[in-house]
J.: 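Can you keep this structure in mind? I'll have questions shortly.
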Amino acid sequence: MALHLREQEMSRRDIAKRLVITTGTKKGQHPSPATVMRMLRKHDEHTTAMEING
């Protein structure tokens with residue numbers, strides 16, 4: 001979902017407002033914009049690594 005929202009050029013803050021944590025102690029809360037940034041960066045790094053390693 002975060003990837004889809006980023007493709008629509010939404011800010012990290014707006015993305016965080018739309019997402020809801022589904023498990024754990026913060027269940028039902030919204031992630032912070034910093035958490036969204038880390039999550040998207042980790043995805044991008046993984047995607048890049050997969051492209052390089054083919």
J.: Going by heavy atoms in the side chains, are Thr47 and His43 under 4.5 Å from each other?
T.: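 Side chain of Thr47 against side chain of His43, heavy atoms only: contact under 4.5 Å found.
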J.: Please say whether more than 12 non-hydrogen atoms of neighbouring residues, nucleotides or ligands are located less than 6.0 Å from CD in Glu9.
T.: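 No, because the 6.0 Å sphere around CD of Glu9 holds 12 heavy atoms or fewer from other groups.
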J.: Which hydrophobic side chains are connected to Leu5, either touching it within the sub-4.5 Å cutoff or through other members that do?
T.: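 Noted: Leu5 shares its cluster with Met1, Leu3, Met10, Ile15, Leu19, Val36, Met39, Leu40.
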J.: Quick one: CD1 on Ile21 to NZ on Lys27, what's the gap to the nearest 0.5 Å?
T.: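 Going from CD1 on Ile21 over to NZ on Lys27, the span is 12.0 Å.
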J.: Side chains of Arg38 and Thr35: does their closest heavy-atom pair fall under 4.5 Å?
T.: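 Answer yes - side chains close enough.
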J.: Please name the pair of heavy atoms, one in Pro33 and one in Ala16, separated by the smallest distance, quoted to 0.1 Å.
T.: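 Residues Pro33 and Ala16, closest heavy atoms: N-CB, 4.0 Å.
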J.: Any salt bridge between Arg6 and Asp14, counting N to O under 4.0 Å?
T.: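 Result for this pair is no, no salt bridge flagged.
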J.: In Å and rounded to the nearest 0.5 Å, what is the CD to OG1 distance from Gln29 to Thr25?
T.: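 Taking CD in Gln29 and OG1 in Thr25, the distance rounds to 7.5 Å.
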J.: Going by heavy atoms in the side chains, are His30 and Val20 under 4.5 Å from each other?
T.: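 Side chain of His30 against side chain of Val20, heavy atoms only: contact under 4.5 Å found.
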J.: Would you give the length of the straight line joining atom CE of Met37 to atom CZ of Arg41, rounded to the nearest 0.5 angstrom?
T.: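 Atom-to-atom, Met37:CE and Arg41:CZ are 5.0 Å apart.
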